[in-house]
Amino acid sequence: MADGQRHLLPAFSNPLSPNGFSSDQIAKGLFLNSLLTHFVASQPSSVPETSTTPGSASHNNTRGMYGQNHQQGHNTRINGAPGRQQAMPMLYNFQQSAHPHQAHAQHHQNIQQDHSGAGILGHSAFSSGVLPNASPFSSNNLQNGHASTPRAGQTQQITEHWAEQLRLHKEAERAHATMTEQHQPHFYARLKAAENRGIGGAALTGGETGPSVDGEDDRRRPWSLEKTNKRQDWYNLDMSGQGLRVLAAPLFAYEFLQELYIASNRLTFLPAEIGRLRHLRHMDVSNNLISELPPEIGMCTNLKSLYLFNNQIRDLPTELGSLYLLDMLGIEGNPLDPSLKQEIMGGDTKSLVNRLLLKAPVPIPPAERKPIIVQEDVSPNLERVKILTWNILCDKFATTTLYGYTPPTALSWDYRKQRIMQELHERDADILCLQEIATDVFRDFFSPELAQDGYKGVHWPRPKAKTMSEKDAQSVDGCAVFYKASKWILLDKQLLDYANIAINRPDMKNQHDIFNRVMPKDNIGIICFFESRQTGARMIVANTHLAWEPTLADVKLVQTAIMMENITRLAEKYARWPPLKDKKMIQLPLEEGEQRVELPEPAPSQEYRNNTDIPLLVCGDYNSTYDSSVYELLSMGRVAPNHNDFGDHQYGSFTRDGVEHPFSMRSAYVHLNGTPDELTFTNYVPGFAEVIDYIWYSTNTLEVVSLLGPPDRDHLKRVPGFPNYHFPADHIQIMAELVIKARKDKKMVQEPDFGSVSGDRRG
């Protein structure tokens with residue numbers, strides 16, 4: 001546990017403990033917390049009243065948590081326990097049924113169910129003492145009115161949205177009066193306590209963010225269920241009405257918080273660390289002394305309501321435009337720029353957010369991703385191969401609904417495709433493995449553009465294209481492999497249609513799980529077999545894109561097992577593949593006016609005694625983290641038949657005997673684990689940043705020399721997610737340079753009379 005979390009540990013007991021709260025107290029959900037006790041006790045007895053320039057939360061070392069004359073012991077424990085002589089924040093837990101932790105949704109992404117009953121301020125007045133279940137910041141209760149243009153001498157019509165704004169402003173003022181005049185802090189925790197019903201022990205899942213999108217081609221995040229089953233009993237923190245001058249740094253270690261109440265204090269600024277609270281859905285900062293918002297507020301992309309009533313804010317940062325889920329921005333009671341205020345008065349919060357997004361300037365480019373040397377003193381006689389893999393985000397999936405935090409210009413395909421091509425050109429890899437590349441895009445853009453750099457390509461769309469009209473099929477995405485034709489000759493290429501292979505296996509074709517779970521997913525893989533023009537070394541390259549759903553961990557495992565099963569079978573065939581008789585005859589077409597360059601005499605084709613002797617590279621988007629069965633199978637070579645990811649599903653020999661493959665494989669980027677250059681993500685969107693793309697290599701035949709380093713971490717502190725102007729897809733590309741190890745038993749292939757290799761297998 002981090003030091004910050006140790007200091008901020010919630011002060012409520014285990015419900016089963018004899019020393020814990022009574023059942024009646026638990027039912028009320030009223031818990032006091034010693035969150036500030038440590039900090040109050042450590043502060044000087046008196047704190048100057050002079051204001052300090054806003055800065056980071058580290059200023060806490062010199063400024064007290066309370067004003068000099070603030071009374072710190074005015075409240076007693078609400079549940080009847082003896083009073084404590086220090087003011088402390090109150091933690092309260094919502095009934096867990098209000099936020100079931102489901103599997104996710106979104107391009108690879110999912111929305112946590114809206115806390116429709118989790119709002120603090122309902123439509124009833126405070127005097128009623130009872131809150132309805134409806135939340136004022138639920139999308140169901142925020143009607144987007146349309147402004148009517150006022151005529152001369154006429155009063156502008158009030159929209160429903162602005163009327164709701166004024167109502168919420170009044171409620172915020174009443175709450176402030178209650179806390180200041182009646183000396184009752186923790187107003188919101190008290191108000192909500194009547195609706196709490198005990199402690200739920202649901203897991204905090206990282207996948208409960210982002211908008212839910214219906215349709216066959218939902219683009220969602222592969223939220224790792226294995227990593228998110230830790231118990232989390234509270235998601236909300238009320239620190240209102242305590243006279244706070246600064247927010248203590250350890251608060252921001254509570255990255256799971258979904259609601260934060262810091263209203264009616266003496267805060268003059270929000271620290272940049274607020275951007276760490278990326279799960280926040282509601283934040284109330286009303287009735288403080290804040291004059292500006294930090295740009296890092298744009299990192300809190302899950303916010304649906306942000307109340308800033310009665311502060312001193314004159315302008316809003318353009319980063320606020322990233323809050324694409326925001327339904328209510330409370331700005332009444334601020335000396336806000338009239339044009340900004342008019343935008344929300346005449347329109348709504350969404351129109352203001354969109355305006356800020358559109359006017360956001362192009363940010364300063366990040367530092368270049370540097371190559372990281374893994375192996376030095378590599379013999380210059382060994383052949384090198386540089387391979388890159390990248391999910392480029394198909395245009396039809398790049399919608400404003402899913403990527404609303406991205407400026408429209410940066411999200412447009414015309415912009416993104418040029419940035420993608422620019423990066424591919426700069427990386428200058430020998431082999432490119434691309435995912436989510438549509439048929440027409442492959443044919444009309446990537447093939448001709450990459451041909452200028454000497455690439456030839458192989459592409460297959462997902463099988464659904466076969467069921468569509470010719471026109472519609474052109475937009476179906478798939479996988480592609482491009483290779484430098486001056487270095488490599490394509491000997492063979494194979495499509496892996498996982499669903500079709502599975503339903504035709506004798507041990508699976510009659511099992512319900514194959515038809516109900518595997519067959520509906522039309523993921524594919526590509527296997528290519530190459531030979532080096534210069535050394536005669538041969539190499540197998542696989543590229544795949546697996547299912548995204550976390551609830552289909554068994555399907556991902558089955559798809560990976562089928563891929564490795566086919567690589568094993570094909571490698572046995574390739575080990576017996578006949579030699580190329582005359583490589584010099586396999587010439588590349590020349591461009592107009594280009595002179596043919598004489599290349600050195602190519603070496604004869606190399607011989608391989610068995611399938612594991614051939615260098616193997618397996619790349620792609622696996623939608624699986626390091627703790628998945630997919631990772632286990634590829635790295636360990638075996639998964640047991642009773643693996644948890646199989647569950648109670650039946651998949652023939654896979655669930656009877658287990659899954660295994662004969663190759664010794666390793667992920668290229670494990671060489672950076674535990675170093676400052678460790679790759680911590682390949683997919684970066686709000687609420688999800690994990691490594692799910694890999695370059696696997698056979699350790700007995702290949703050795704990593706260098707790797708493309710991670711993105712600039714400082715740049716990411718204000719970047720809520722990709723794509724953006726500098727990262728044109730929601731995944732980043734990863735690239736490794738390897739050498740083909742020298743072989744002690746290296747022999748050349750004899751030339752039996754197999755006849756000539758068919759021309760369609762050569763590149």
Side-chain angles (χ1 to χ4, degrees), residues 371 378-390 420-434 437 442-443 445-459 479-493 526-543 574 577-606 614-617 619 695 697 701-702 705-706 708 733 735-740 748-749 756-763:
V378 178
S379 171
N381 297 324
L382 296 178
E383 183 166 22
R384 297 194 177 208
V385 55
K386 190 188 294 185
I387 188 166
L388 176 148
T389 184
W390 195 5
I420 291 169
M421 188 57 60
Q422 178 184 345
E423 296 205 21
L424 294 178
H425 175 75
E426 291 173 354
R427 303 304 176 203
D428 193 32
D430 299 320
I431 309 288
L432 306 174
C433 294
L434 306 180
I437 177 169
F442 170 83
R443 181 192 64 234
F445 180 72
F446 281 96
S447 288
E449 288 290 328
L450 289 172
Q452 298 180 33
D453 291 333
Y455 288 99
K456 296 183 71 175
V458 175
H459 173 265
C479 296
V481 174
F482 289 92
Y483 59 96
K484 282 286 183 72
S486 61
K487 295 183 178 181
W488 301 93
I489 299 171
L490 179 65
L491 301 179
D492 191 34
K493 58 184 180 182
I526 294 177
I527 297 177
C528 294
F529 185 37
F530 295 104
E531 179 172 324
S532 168
R533 289 182 179 271
Q534 297 307 306
T535 67
R538 292 177 168 181
M539 180 174 65
I540 301 171
V541 175
N543 179 24
Y574 296 154
W577 199 270
L580 293 177
K581 290 184 177 180
D582 190 353
K583 287 192 221 177
K584 294 192 75 172
M585 298 299 294
I586 307 175
Q587 298 286 351
L588 300 176
L590 296 177
E591 298 293 335
E592 184 177 353
E594 182 181 3
Q595 297 294 322
R596 188 173 298 282
V597 178
E598 287 296 324
L599 298 175
E601 184 67 26
S605 303
Q606 293 188 21
I614 306 175
L616 172 64
L617 289 163
C619 305
I695 297 173
Y697 69 98
T701 59
L702 295 165
V705 175
S706 66
L708 180 63
Q733 74 272 31
M735 184 174 71
E737 186 174 24
L738 308 98
V739 292
I740 300 176
M748 302 310 163
V749 176
S756 61
V757 181
S758 59
D760 63 335
R761 289 180 175 177
R762 297 183 182 182

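Values reported hereafter were calculated over all heavy atoms of this structure, with side chains retained and with hydrogens, waters and symmetry mates removed.
In this structure, Glu737 CD and Ile695 CD1 are separated by 11.5 Å, a value rounded to the nearest 0.5 Å. How far CD of Glu383 is from CE of Met539: 8.0 Å, rounded to the nearest 0.5 Å. Rounded to the nearest 0.5 Å, atoms CD1 (Ile489) and CZ (Arg533) are 4.0 Å apart.
Ile527 has its side chain out of reach of Val541: every pair of non-hydrogen atoms, C-beta onward, lies at least 4.5 Å apart. Counting only heavy atoms from C-beta outward, the side chains of Glu449 and Leu424 never approach each other to under 4.5 Å. Side-chain contact between Leu617 and Leu738 is present, with heavy atoms from C-beta onward closer than 4.5 Å. Looking at Leu708 and Leu388, their side chains never come closer than 4.5 Å, going by heavy atoms from C-beta outward.
Residues Ala542 and Cys433 come closest through the heavy atom pair O-SG, 4.4 Å. When all heavy atoms are compared, the tightest approach of Ile431 to Trp488 is CD1-CD1, 4.4 Å. Contact detail for Asp453 and Lys484: the closest heavy-atom pair is O-CE, 3.1 Å. Ser605 and Pro579 get closest at one heavy-atom pair: OG-CA, 3.6 Å. Taking both residues in full, the closest heavy atoms of Ile614 and Tyr574 are given as CD1-CB, 3.8 Å, listed atom of the first, atom of the second, then distance. Closest approach of Leu434 to Asn543, counting heavy atoms only: O-ND2, 3.1 Å.
Annotation: cation-pi geometry not satisfied between Lys456 and Phe482 (NZ/CZ under 6.0 angstrom from ring centroid, within 45° of ring axis).
Ion pair Arg538/Glu531 flagged as a salt bridge, since at least one NZ, NE, NH1 or NH2 atom sits closer than 4.0 Å to an Asp/Glu carboxylate oxygen.
Distance alone, capped at 3.5 Å, is enough to place a donor-acceptor pair between the His459 side chain and the Ile437 backbone. Asp430 places a side-chain N or O within donor-acceptor distance of the main-chain N or O of Lys386, the cut-off being under 3.5 Å.
Residues meeting the ring-ring contact (aromatic ring centres under 6.0 Å, His included) test with Tyr697, sequence neighbours left out: none. Here Phe530 pairs with Tyr483 under the ring-ring contact (aromatic ring centres under 6.0 Å, His included) rule; sequence neighbours left out. Residues satisfying the ring-ring contact (aromatic ring centres under 6.0 Å, His included) criterion with Phe445, sequence neighbours excluded, are absent altogether.
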